[in-house]
Amino acid sequence: METKKTAIIGLGNIGQAVAGNLSKSDRNFIIADRNIEKAKELSGKWGKGTVASDIPSAVKNADILILSIPFEAIGSFLQEYSTDLEGKIIVDPSNPIAPDANGGFKKIIGNDESAGAINASFLPKGAKLVKALGSLSAGTLVSASYHSPERAVLFYATDHTEINADIEQLIQDNGFDALRIGGIDQSIRIEVFGDLHEFGALGKTVNLSEARQKI
């Protein structure tokens, strides 16, 4: 299978964790940020397979877009770049949370709502949404990657089973085993406080056999 051109949009904690993991694989990828100088600096850190770009160029040139931007910004991003995103694979790792008054976090949408389902409503024509890379914290994305002898699992959800192989390869190139839990209507399970999230009922990383028992 030919690896699709991949871009990480946004170089916050999750974006940097994913880029660092991908740099350990043979996968070439694009990194883009509003601060192009930040992208250029980090591309040097991650090696020759990493290309720094401005955001509009990355959107045009990539087949898979990993949106490492805040949940609140994704809807407007999908609308702003709707023409160039048509027919592409959009990976959404976002979690709809904000700090609470007690030093923790709270959901900023309804308890029964999911970021995945909300973001799906903004999808451009023919674009395919995948909820992935957000079921672990940024720190755990780094520390739990490429475990041996058994890898930890990253769950994903999408309505488009024809792209399963592309997403599973992306997750494997991050140093994890991949497990689809169903369509976007299941994405709440792999968002913060969900039963398959590190900061939910799961509470930890799991290997593939453990994960299959959970879904």
Side-chain angles (χ1 to χ4, degrees), residues 1-95 115-116 119-120 122-136 138-139 141-142 145-146 154 156 158 160 162-176 178:
M1 181 185 72
E2 183 179 354
T3 301
K4 287 183 167 61
K5 293 181 181 178
T6 302
I8 300 168
I9 308 297
L11 293 171
N13 293 337
I14 294 291
Q16 289 193 44
V18 171
N21 288 344
L22 289 182
S23 71
K24 299 174 186 176
S25 72
D26 293 327
R27 193 183 192 105
N28 296 329
F29 58 98
I30 301 164
I31 56 172
D33 192 84
R34 288 179 297 179
N35 182 347
I36 184 64
E37 295 305 317
K38 180 179 182 180
K40 289 178 179 178
E41 179 182 351
L42 289 172
S43 69
K45 171 184 175 181
W46 291 317
K48 62 181 181 180
T50 311
V51 177
S53 172
D54 59 82
I55 291 176
S57 297
V59 171
K60 288 180 180 178
N61 292 328
D63 303 307
I64 300 175
L65 283 299
I66 301 168
L67 302 188
S68 178
I69 59 180
F71 161 72
E72 306 96 304
I74 290 179
S76 58
F77 179 95
L78 295 176
Q79 293 174 315
E80 179 180 355
Y81 293 103
S82 59
T83 299
D84 289 326
L85 289 172
E86 288 183 7
K88 299 195 175 185
I89 298 171
I90 298 167
V91 179
D92 169 21
S94 70
N95 281 291
N119 290 330
F122 296 106
L123 274 183
K125 181 180 178 181
K128 300 170 183 178
L129 184 67
V130 182
K131 192 71 186 176
L133 303 176
S135 57
L136 297 174
L141 274 176
V142 175
S145 65
Y146 294 97
L154 279 176
Y156 73 98
T158 184
H160 301 279
E162 71 275 14
I163 64 171
N164 284 1
D166 294 307
I167 300 308
E168 291 179 7
Q169 186 62 59
L170 175 66
I171 289 172
Q172 289 162 12
D173 288 347
N174 265 272
F176 293 85

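A quick note: this is a predicted structure, and the numbers were derived from the prediction, not measured. Heads up: numbering here begins at 1 and tracks the sequence.
- Ion pairing between a basic and an acidic side chain is recognised when a charged N comes within 4.0 Å of a carboxylate O; Asp173 and Arg27 show such pairing.
- Residues Ser68 and Val18 are not in side-chain contact: their nearest non-hydrogen atoms beyond the backbone lie 4.5 Å or more apart.
- A 4.5 Å side-chain heavy-atom check between Asp166 and Gln169 finds every atom pair outside the cut-off.
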Working for side-chain contact (heavy atoms from CB on, under 4.5 Å), residues Leu154 and Leu141:
CA-CA 9 Å; Leu154 279 176; Leu141 274 176; 4.0 Å; yes
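- Using a 4.5 Å heavy-atom cutoff, the side chains of Ile64 and Val91 are in contact.
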Set out, in order, the CA-CA distance, both residues' side-chain angles and the distance that settles side-chain contact (heavy atoms from CB on, under 4.5 Å) for Ile74 and Phe122, then state yes or no.
CA-CA 9 Å; Ile74 290 179; Phe122 296 106; over 6 Å; no
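- For residues 83-93, the set of pairs meeting the salt bridge (charged side-chain N to carboxylate O under 4.0 Å, His left out) definition, not counting sequence neighbours, comprises Asp92-Lys131.
- Ile31 has its side chain within reach of Leu42: a pair of non-hydrogen atoms, C-beta onward, lies under 4.5 Å apart.
- The shortest distance between side-chain heavy atoms of Glu168 and Tyr156 falls below 4.5 Å.
- Counting only distance, with no hydrogens or angles, the side chain of Asp33 and the backbone of Leu11 share a donor-acceptor pair below 3.5 Å.
- Contact of the Ile90 side chain with the Ile66 side chain is not registered, since no non-hydrogen atoms from C-beta on lie closer than 4.5 Å.
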Any chance you could lay out the side-chain contact (heavy atoms from CB on, under 4.5 Å) test for Ser135 and Phe176, step after step, and finish with the verdict?
CA-CA 12 Å; Ser135 57; Phe176 293 85; over 6 Å; no
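- For residues 62-89, every residue pair satisfying the ring-ring contact (aromatic ring centres under 6.0 Å, His included) rule, not counting sequence neighbours, is listed here: Phe77-Tyr81.
- Looking at Thr6, its side chain does come within 3.5 Å of a backbone N or O of Lys4 through a donor-acceptor pair.
- Listed by first and then second residue, the salt bridge (charged side-chain N to carboxylate O under 4.0 Å, His left out) pairs involving residues 40-58 are Glu37-Lys40 (not counting sequence neighbours).
- No side-chain heavy atom of Ile89 sits less than 4.5 Å from a side-chain heavy atom of Leu65.
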May I have the step-by-step check of side-chain contact (heavy atoms from CB on, under 4.5 Å) for Val59 and Leu85, ending in yes or no?
CA-CA 7 Å; Val59 171; Leu85 289 172; 3.7 Å; yes
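- For the pair Asn21 (side chain) and Ser145 (backbone), a donor-acceptor distance under 3.5 Å is absent.
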